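Dropping the structure in here first, questions after.
Indexing begins at 1, ligand by ligand and atom by atom, following the structure's order. In this text, all values refer to a predicted model and were calculated from it rather than measured experimentally.
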Amino acid sequence: MQELRSAGFQAQMLLEATEDGIYALDPEGHCIWANPATARILGYPSAAVLVGRQMHDVIHHTRADGSPFPIEECTGLQMLKERQRVMQAEELLWRADGTSFYADVRVNPMVREGEMVGAVVVFRDLTERMRLESQYRQAQKMEAVGRLAAGIAHDFNNLLSVITGYTELLLQRPALAANDEQRLRAIERASGRAAELTRQLLAFSRKQAVQATVLDLNDVVRGAEPMLLRVLGEDLVFEVELEPNLAPIKADEGQLEQVLMNLAVNARDAMPEGGRLRIQTAGAVLDAAAAEALNVAPGSYATLAVADTGVGMDAETIRHIFEPFFTTKPVGKGSGLGLSMVFGIVRQSGGAIKVESEPGRGTAMKVFLPVYNTAGEETTAPAAPDAAGAAADQPSASRA
Ligand code: ADP
Ligand code: MG
């Protein structure tokens, strides 16, 4: 069909098929034209009803706190007029029915012979992405609280056994004064109740029990890809490179997804201006020296690397990133729990993390997980449990 080949027809098809809202403005901000997605997202019966209207009054009339947003204060329109450059922002937009949503909004000036003759606005609803993120932050918090509870309950139980042990010894003493015996019985009862409390705490934290299965790291990455794509947004170049002959590992799949998510979200946050995020799997054999540097056993490992071209970190930041609640992000943006969780999960699986980063030069985080051979034995001895001294547990960090 001749029609299908015409440039005009193709352009129209593109504009009608895309899920992004796209509309054109005159220099004063009146709608000249809008695509069907604009009308659909904003809840209007058709794009035609928007034409001729002042778009600020249609979708931008009220601020998030409910107060009016006068057009004179609309920085988008002002900036566009004065500087004539592309503007991108997360803005609250209003639908026809009076509800609102956050959108990623880009305003691209149309310039003819040095004059701004209007603008093309492209916007995308961020509701789903924000919902996913908050759900994920909540899950992160619960996991951290669970870990904390389990850790405290464990140590606390050890202390309790000292208390009950000595109490029992004292109770066995002959010729114990009656009121001393009463006092010791009170201690015994109180420690019994404390033990019951710690059992409840442990039960709570075990609800997120770990289910380690033999799995292929590549499958985990593939399975998490749709989720990652949604959370990452489209400003990033997203590359996945999977080693085809990857040996199996033994780990909890949900936990590995969390590891991947955390690393990817951190990478995204490090690239506010866009960039490249690369996820890579590979095999690695650690000899004695390499294994010692990572504080794991020598042997075969499968690795999962997440690398970004973002802001990077200085040496001081790298020293702290695995600490719970360490964050350089503003309140509400960062919990500081992501990497501490990643660290916990990886150690629990007998693995390690290597960090390579430098300010302005991006970050690469590489997770090493011991290969599980089908004979049923790990080819590497599991690492010592975490409680055994913090010094031996420091993640390895190196500069890029
Ligand atoms: P949060 O992301 O909530 O801040 P994390 O534990 O995930 O907490 O990360 C801690 C800190 O480590 C971040 O605030 C950031 O300063 C730093 N960080 C982590 N990943 C990266 C990265 N890919 N690039 C730059 N900095 C990072
Ligand atoms: Mg994080």
Side-chain angles (χ1 to χ4, degrees), residues 129-148 151 221 224 227-233 235-241 254-281 303-349 351-368 386 390 393-400:
R129 179 161 135 193
M130 288 166 117
R131 189 188 62 79
L132 267 176
E133 279 191 11
S134 85
Q135 193 183 46
Y136 158 74
R137 261 201 301 278
Q138 187 58 27
Q140 240 184 15
K141 272 188 211 152
M142 287 312 291
E143 163 94 19
V145 170
R147 268 172 198 286
L148 194 64
V221 176
M227 173 89 160
L228 286 172
L229 278 172
R230 282 171 98 163
V231 171
L232 295 178
D235 287 342
L236 302 176
V237 180
F238 183 43
E239 292 175 354
V240 176
E241 210 175 290
Q255 285 194 333
L256 285 185
E257 269 169 11
Q258 276 183 355
V259 167
L260 195 52
M261 258 311 255
N262 272 302
L263 297 180
V265 168
N266 280 346
R268 182 204 68 191
D269 289 349
M271 298 188 285
E273 320 276 358
R276 195 183 69 230
L277 190 153
R278 172 192 289 245
I279 296 179
Q280 219 172 351
T281 59
T303 65
L304 172 70
V306 177
D308 65 61
T309 55
V311 294
M313 292 177 270
D314 58 23
E316 183 57 23
T317 304
I318 295 176
R319 255 196 289 287
H320 297 292
I321 54 174
F322 294 103
E323 293 170 13
F325 305 113
F326 174 81
T327 181
T328 57
K329 294 168 194 173
V331 179
K333 271 274 179 190
S335 64
L337 295 174
L339 288 180
S340 68
M341 248 168 60
V342 167
F343 183 63
I345 291 170
V346 172
R347 286 302 292 174
Q348 197 176 34
S349 318
I353 312 176
K354 191 173 173 182
V355 186
E356 288 180 343
S357 187
E358 221 178 282
R361 308 202 60 177
T363 300
M365 306 278 269
K366 197 174 202 173
V367 174
F368 290 75
D386 270 357
D393 250 1
Q394 283 306 302
S396 127
S398 59
R399 314 265 286 156

**Prompt:** Any side-chain heavy atom of Gln348 sitting closer than 4.5 Å to one from Gln255?
**Reply:** yes
**Fill in**
CZ (Arg129) and CG (Leu232) are apart, to the nearest 0.5 Å, by 8.0 Å
Which N/O atoms of ligand 1 sit under 3.5 Å from a protein N/O, and at what distances?
unit_1, atom_1, unit_2, atom_2, d
ligand 1, 2 (O), Asn266, OD1, 2.9
ligand 1, 2 (O), Lys329, NZ, 2.6
ligand 1, 3 (O), Ser335, N, 2.9
ligand 1, 3 (O), Gly336, N, 2.8
ligand 1, 4 (O), Thr327, OG1, 2.5
ligand 1, 6 (O), Gly338, N, 3.4
ligand 1, 6 (O), Leu339, N, 2.8
ligand 1, 7 (O), Asn266, OD1, 3.1
ligand 1, 7 (O), Asn266, ND2, 2.8
ligand 1, 7 (O), Leu339, N, 3.4
ligand 1, 8 (O), Gly336, N, 3.4
ligand 1, 14 (O), Thr327, OG1, 3.4
ligand 1, 14 (O), Thr328, N, 2.9
ligand 1, 14 (O), Thr328, OG1, 3.2
ligand 1, 16 (O), Thr328, OG1, 2.5
ligand 1, 23 (N), Asp308, OD2, 2.8
ligand 1, 24 (N), Thr363, OG1, 3.2

**Fill in**
So, leaving waters aside, the tally of protein N/O/S atoms less than 2.8 Å from the Mg ion (ligand 2) stands at 1
**Request:** With the side chain counted from C-beta on, respond yes when Val221 and Thr281 share a heavy-atom pair under 4.5 Å apart, and no when they do not.
**Result:** yes
**Message:** Looking at Arg276 and Asp308, is any side-chain nitrogen of the basic one under 4.0 Å from a carboxylate oxygen of the acidic one?
**Reply:** no
**Prompt:** Looking at NE2 of His320 and OG1 of Thr328, how far apart are the two atoms once the value is rounded to the nearest 0.5 Å?
**Reply:** 12.0 Å
**Side chains of Glu239 and Ile279 in contact at under 4.5 Å (non-hydrogen atoms)** = no
**Message:** Tell me whether Glu356 is salt-bridged to Arg361, with the criterion being a basic N under 4.0 Å from an acidic carboxylate O.
**Reply:** no
**Item:** Close side-chain approach of Val367 to Thr303, heavy-atom, < 4.5 Å
**Value:** no
**Message:** When you compare the side chain of Phe368 with that of Val346, does any pair of heavy atoms fall below 4.5 Å?
**Reply:** no
